[in-house]
Amino acid sequence: MFVSILAWLCSLTCQARELTVSSPNGRLVAVLEDDDMLMISVRLDGVALVAPSPIGLILADGTTIGRNGSLGFGLKSVIVDDTDAPFYRQRHIKTTANQLDLKMKDGFGLQVRAYNEGVSYRFYTTRKGETIIKNEIAEYDFGSEASGWLAYSTNKEKPFAMAFQNTYHKTSLDEAQDLPAFLPVTIEKDGCVGAKVTLLESDLRQYPGMFVKVTKEQSNKITYSKLKATFAPYPKKMAYYRWRGMSYVAETEDFIARSKGARTYPWRIFAVSEQDTQMPVNDLVYTLASPNEIGSTAWIKPGKVAWDWWNDWNLRGVNFKAGINTDTYKYYIDFAALFGLQYIVLDEGWYDSSKGDIMNAIADIDLPGLIAYGRQKGVDIALWTVFNVLDEHLDEACSKYAAMGVKGFKVDFLDRNDQTAVEMAERIARHCASYKLFLDYHGFYSPTGLSRTFPNVLNYEAVFGMEECRWAKKETDMPRYDVTFPFMRQMAGQTDFTPGAMRNGTRSNWVECYENPVSMGTRCHQAACYVVHDSPFTMLCDAPTSYEREPEYTKFIAEIPVVWDETRVLQGEMGKYIIVARRLGDVWYVGGQTSWDERDVEIPLSFLGEGSYTTTLLTDGINANHNAEDYQLDSQFHHSGESLTIHMASGGGFVLKLWKLTTVDHL
């Protein structure tokens, strides 16, 4: 919880022109200037990472919060967040910030926090009655010669309606596309102390999510590019697609948010990283989210999943017709039980999605029988559904399927982040928690800390994941994306990438195949996903019969944990490679991935405690550049003072398991 340790009144007046709040180590400084418009800037060691940038809120009555001498008095305090973090990348987190709380005009205020890892701010109101926000002002100025990693909307006609799945385009901001980009966005300024700034948001509740769009200004013949915030308007009228019964926004209001009474607005975050390795373990989104609102999390069981959709129910050598039917899912259950997987998912097709009939399984599915069969085998079941379909049957669906023994829902196709979509995501999370049902959110916006507030939301898509290999084109560079998004997207929260492909292609021989898909990169690149990704509910995406043909490999990846006590990023450079170490109890796993560029990496084992260790190393085989499915699995002994040199093939990877050698191990 937040603990205020120190507070004092700053005795500021309306004539104050500049206010500052510094990080605990003094290196980061947030500066507020009370000009014609309230401006915020961020400095690292005195160098401006973010130049003075206007921020504010425009109300429906025309009032602009932040204009013309908005600053009143302020209160400074030290904020410490010391909390357990179930199903997060660390078991426990502790962060400290210095905060400036400004009382503004018209019943509004602004909180600004400076952490060692970044700066955040949010507006709040103490007003009674209804408040309608027409727009939010945020025009972040990174000066000239700034470049960015941007994931643009994939819908040019309706940019706020899409699945939040795109690769990152690294470009000069001056040459950026004229499209909104969804968060996170990372910015780097040439010659600016080598630091990157990543824009994120947290505690998104009763409010639309932020997009940014590049705007250009000229001064003294120099072009300055800014990232201007833009938001989905508040929906006025909804309509339905006939396929899946999915709802969409048919008509909008001329404002972005409405609410009643006192409230806070979302945190805007400038996460600052001087090394790329700091990025995936930045905890600001989690720490700034509202604390747990569902109580005990003991009933929530993370785990691995035997998944049907990616492999197209493509079983081989069985004596029944594979497909969406009871016999096929019994086979998936048998496979999951054999390798110790905790779940299977019944993806799209288990109910008639064209009618939105979530309350009834199709005739070929004996759902009570499958649940009972899975219970005998120690394997539980989660069900796929569309967001609004579940929401429209929320209590009856939760009541029926929880009583039946279903453990959770994979919820898909929200495909928007306007205020009512955000409210739907929270409503479903809260209601499912009351029935002890967990959630995996797909077709969903980038995480904003919801898993802290509702820990039963175990995972999120919002990633250009493995499904893209079913319809990607040859020029799609998945390995490069695979070593880019963990640095950026995982700053926001967990990711359901759905790895585990058993058919793997090199850069030259990868082929598009919808019915029997192929991953880009090596088999070991796929295996490393289970260590590199924050993913407490993660898939084995390929067909059970493909895994069963290679039991040694399947057993190894099935045993990799999905929750951890500790996470470190040992090495990496965004867009090139990444090496992540994770610990559960006394056992460490190290996972590495590279782009299409093969490379040798040297890994000092100094992060281990003193002593000797048994190791199992899964690496690209000697022929992996020709046959991406080639791998080696070897066991050895190593000492914590040693370094290991590991070769990763083109699009390759590795997984290293280490546990301390005991006397018993010698016997």
Side-chain angles (χ1 to χ4, degrees), residues 154-155 161-165 238-250 305-314 321-329 332 343-371 381-402 404 406-416 420-421 424-425 427-429 431-432 435 437-445 459-462 465-468 470-471 496 498 514-515 517 537 539 541:
T154 53
N155 188 340
M162 48 92 213
F164 300 86
Q165 296 168 273
M238 302 298 294
Y240 290 86
Y241 295 117
R242 293 181 64 184
W243 188 33
R244 298 193 178 107
M246 175 183 165
S247 64
Y248 67 92
V249 178
V305 187
W307 188 34
D308 51 6
W309 180 87
W310 194 81
N311 57 77
D312 204 28
W313 299 266
N314 205 344
K321 186 174 181 179
I324 305 174
N325 57 53
T326 297
D327 285 340
T328 298
Y329 284 120
Y332 277 77
Y343 295 99
I344 70 164
V345 166
L346 274 60
D347 213 287
E348 183 171 13
W350 75 269
Y351 72 84
D352 188 345
S353 56
S354 67
K355 298 179 180 178
D357 187 15
I358 189 179
M359 298 309 300
N360 297 286
I362 62 172
D364 287 340
I365 296 288
D366 175 11
L367 187 55
L370 283 174
I371 294 169
I381 289 177
L383 300 175
W384 174 96
T385 184
V386 173
F387 263 94
N388 63 278
V389 172
L390 177 59
D391 190 52
E392 291 160 9
H393 301 82
L394 191 53
D395 192 66
E396 59 178 333
C398 287
S399 176
K400 175 177 179 175
Y401 292 118
M404 192 179 290
V406 169
K407 298 302 180 182
F409 292 109
K410 175 184 175 182
V411 196
D412 209 348
F413 294 111
L414 184 63
D415 290 358
R416 55 192 181 92
T420 62
M424 186 192 303
R427 181 167 57 247
I428 291 173
H431 204 77
C432 284
Y435 282 93
L437 293 163
F438 70 81
L439 294 160
D440 178 17
Y441 277 171
H442 268 240
F444 195 73
Y445 51 86
N459 220 343
Y460 310 85
E461 193 177 24
M466 282 296 294
E467 70 179 47
E468 303 298 330
R470 294 187 72 172
W471 46 66
D496 196 0
T498 66
Y514 187 90
E515 291 81 10
F537 183 76
M539 314 289 174
C541 71

In sequence, state the C-alpha distance, the side-chain angles, and the governing distance for Leu437 and Tyr401, and then conclude on side-chain contact (heavy atoms from CB on, under 4.5 Å). CA-CA 9 Å; Leu437 293 163; Tyr401 292 118; 5.7 Å; no
Indicate the atoms forming the closest heavy-atom contact of Ile358 with Ala397, along with that distance. CD1-CB, 4.4 Å
Minimum heavy-atom separation for Val389 and Arg244, please, with both atom names. CG2-O, 3.8 Å
Between Leu346 and Ile344, the two heavy atoms sitting closest are CD1-CD1, 3.7 Å
Pairwise side-chain contact, Trp309 with Glu467, heavy-atom cut-off 4.5 Å (strictly under): yes
Who passes ring pair (Phe, Tyr, Trp, His ring centres under 6.0 Å) against Trp310, sequence neighbours left out? none
Would you call Ile324 and Asp364 a side-chain contact if the rule is heavy atoms closer than 4.5 Å? no
Between Asp412 and Trp384, is there a donor-acceptor pair closer than 3.5 Å when you use the side chain of the first and the backbone of the second? no
Gap between atom NE2 of His442 and atom OH of Tyr460 - 0.5 Å precision: 12.0 Å
Aromatic contact between Tyr343 and Phe438, with the criterion being ring centroids under 6.0 Å apart: yes or no? yes
Quick one: does any side-chain atom of Asn311 pair with a main-chain N or O of Cys541 as donor and acceptor, under 3.5 Å? yes
According to salt bridge (charged side-chain N to carboxylate O under 4.0 Å, His left out), who are the partners of Glu396, at least two apart in sequence or on a separate chain? none
CG on Asp440 to CG on Leu383, rounded to 0.5 Å: 12.5 Å
Distance in Å, Asp312 CG paired with Arg470 CZ, rounded so as to fall on 0.5 Å steps: 5.0 Å
I'd like to know whether the aromatic ring centres of Phe387 and Phe444 sit less than 6.0 Å apart in this structure. yes
Just how far is it from atom CD of Glu392 to atom CE of Met424, taken to the nearest 0.5 Å? 7.5 Å
Would you call Val305 and Lys410 a side-chain contact if the rule is heavy atoms closer than 4.5 Å? no
With Trp313 via side-chain hydrogen bond (donor to acceptor under 3.5 Å, both in side chains) - residues at least two apart: Asp308, Tyr329
Side chains of Asp496 and Tyr441 only: does a donor on one sit below 3.5 Å from an acceptor on the other? no
Partners passing ring pair (Phe, Tyr, Trp, His ring centres under 6.0 Å) against Phe413 (at least two apart in sequence or in another chain): none
Is there a donor-acceptor contact under 3.5 Å from the side chain of Lys400 to the main chain of Met359? yes
Heavy atoms, side chains only, cut-off 4.5 Å: are Asp415 and Met162 in contact? no
Closest non-hydrogen atom pair, Cys398 against His431: SG-CD2, 4.0 Å
If the condition is side chain to side chain contact (heavy atoms under 4.5 Å, CB included), which residues does Thr326 pass it with, not counting sequence neighbours? Lys330, Asp366, Leu370
Where is the tightest heavy-atom contact between Glu461 and Gly443, given as atom of each residue plus distance? OE1-N, 2.9 Å
Polar side-chain atom of Asn388 near backbone of Ser247 as donor-acceptor pair, under 3.5 Å: yes
Can you check whether Met539's main-chain N or O pairs, donor with acceptor, with Thr498's side chain at less than 3.5 Å? no
Nearest heavy atoms of Tyr351 and Asn360, plus distance in Å: CB-O, 3.3 Å
A side-chain contact here means heavy atoms from C-beta on lying under 4.5 Å apart; do Phe537 and Val345 qualify? yes
Going by the rule salt bridge (charged side-chain N to carboxylate O under 4.0 Å, His left out), which residues pair with Asp357 if we only count those two or more places apart in sequence or in a different chain? none
CG on Asp391 to OG1 on Thr420, rounded to 0.5 Å: 10.0 Å
Separation between CD (Glu348) and OG (Ser354), nearest 0.5 Å, reads 9.5 Å
